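See structure below.
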Amino acid sequence: QVQLVESGGGLVQPGGSLKLSCAASGSIFSINAMSWYRQAPGKQRELVASITPGGSTNYADSVKGRFHISRDNAKNTVYLQMNSLKPEDTAVYFCHAFVVVRIGNEYSYWGQGTQVTVPS
């Protein structure tokens, strides 16, 4: 009954910016860590950034200083502000969340993915 829906992807020129959003809906008691992953065709899915309910963050070295993850707990939404985009950032970006649907029942959920393209 829980869905994660991403939005905000698109085509951006090198050096440009995009802001991705991921809203969780459904049977939600609370949400623990939320993360953004990305996957280019034929490549392994990689963690881009993660954030705890309290706001502690983690970033992949490749995006440090350029990307910023944030969340709005009241809206069950996580964001990824992407700046100074490079062609190597091109990938499908996936939202992930550990959702507590009921006390003692935590599950892993993935969004459907949103395409980010930075042409070279």
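Worth knowing before you read on, the calculation uses all heavy atoms, side chains too, and leaves out hydrogens, waters and symmetry mates. Just so you know, these numbers come straight off a predicted model, no measurement behind them.
Hydrophobic clustering, with ILVMFWY side chains joined whenever heavy atoms are under 4.5 angstrom apart, keeps Val92 apart from Leu20. Hydrophobic clustering of Ile, Leu, Val, Met, Phe, Trp and Tyr side chains at less than 4.5 Å, counting indirect connections, keeps Val5 apart from Phe94. At a threshold of 4.5 Å between side-chain heavy atoms, the hydrophobic network of Ile, Leu, Val, Met, Phe, Trp and Tyr places Met34 and Val116 in one connected group. If you chain together hydrophobic residues whose side chains sit under 4.5 Å apart, Val101 and Ile28 fall into the same group.
Of all heavy-atom pairs spanning Asn83 and Gln81, the tightest one is OD1-NE2, 3.0 Å. Closest heavy-atom contact between Leu4 and Cys95: CD1-O, 3.8 Å. Taking all atoms of both residues into account, the shortest heavy-atom contact from Tyr79 to Ser21 is CD2-OG, 3.3 Å. Between Ser17 and Ser84, the shortest heavy-atom contact is OG-N, 4.3 Å. Contact between Leu18 and Leu85 at its shortest, heavy atoms only, is N-CD1, 3.9 Å. Considering every non-hydrogen atom in both Ala24 and Ile31, the closest pair reads CB-CD1, 3.7 Å.
Two residues are said to be in side-chain contact when any heavy atoms from C-beta on lie closer than 4.5 Å; Trp36 and Met82 fail this criterion. With contacts defined as side-chain heavy-atom distances shorter than 4.5 Å, the pair Pro53/Arg71 qualifies. Contact of the Phe29 side chain with the Arg102 side chain is not registered, since no non-hydrogen atoms from C-beta on lie closer than 4.5 Å. You'll find the side chain of Thr90 reaches within 4.5 Å of the side chain of Gln115, heavy atoms only. Using a 4.5 Å heavy-atom cutoff, the side chains of Leu11 and Pro119 are in contact.
Taking the side chain to side chain donor-acceptor pair (under 3.5 Å) definition, one finds that Glu88 meets it with nothing, sequence neighbours left out. With sequence neighbours left out, Thr57 forms a side chain to side chain contact (heavy atoms under 4.5 Å, CB included) with Ile51, Tyr59, Ile69.
For the atom pair CD (Gln3) and OG (Ser27), the distance works out to 12.5 Å, reported to the nearest 0.5 Å. In this structure, CZ in Arg45 is found 9.0 Å from OH in Tyr37, a value given to the nearest 0.5 Å. Rounded to the nearest 0.5 Å, atoms SG (Cys22) and OH (Tyr109) are 13.0 Å apart.
For the pair Glu6 (side chain) and Gln112 (backbone), a donor-acceptor distance under 3.5 Å is present.
Partner of Arg38 under the side-chain contact (heavy atoms from CB on, under 4.5 Å) criterion, chosen from Leu47, Thr114, Asp89: Asp89.
Classified by interplanar angle (parallel below 30°, tilted 30° to 60°, perpendicular above 60°), the ring pair Tyr93/Phe67 is tilted.
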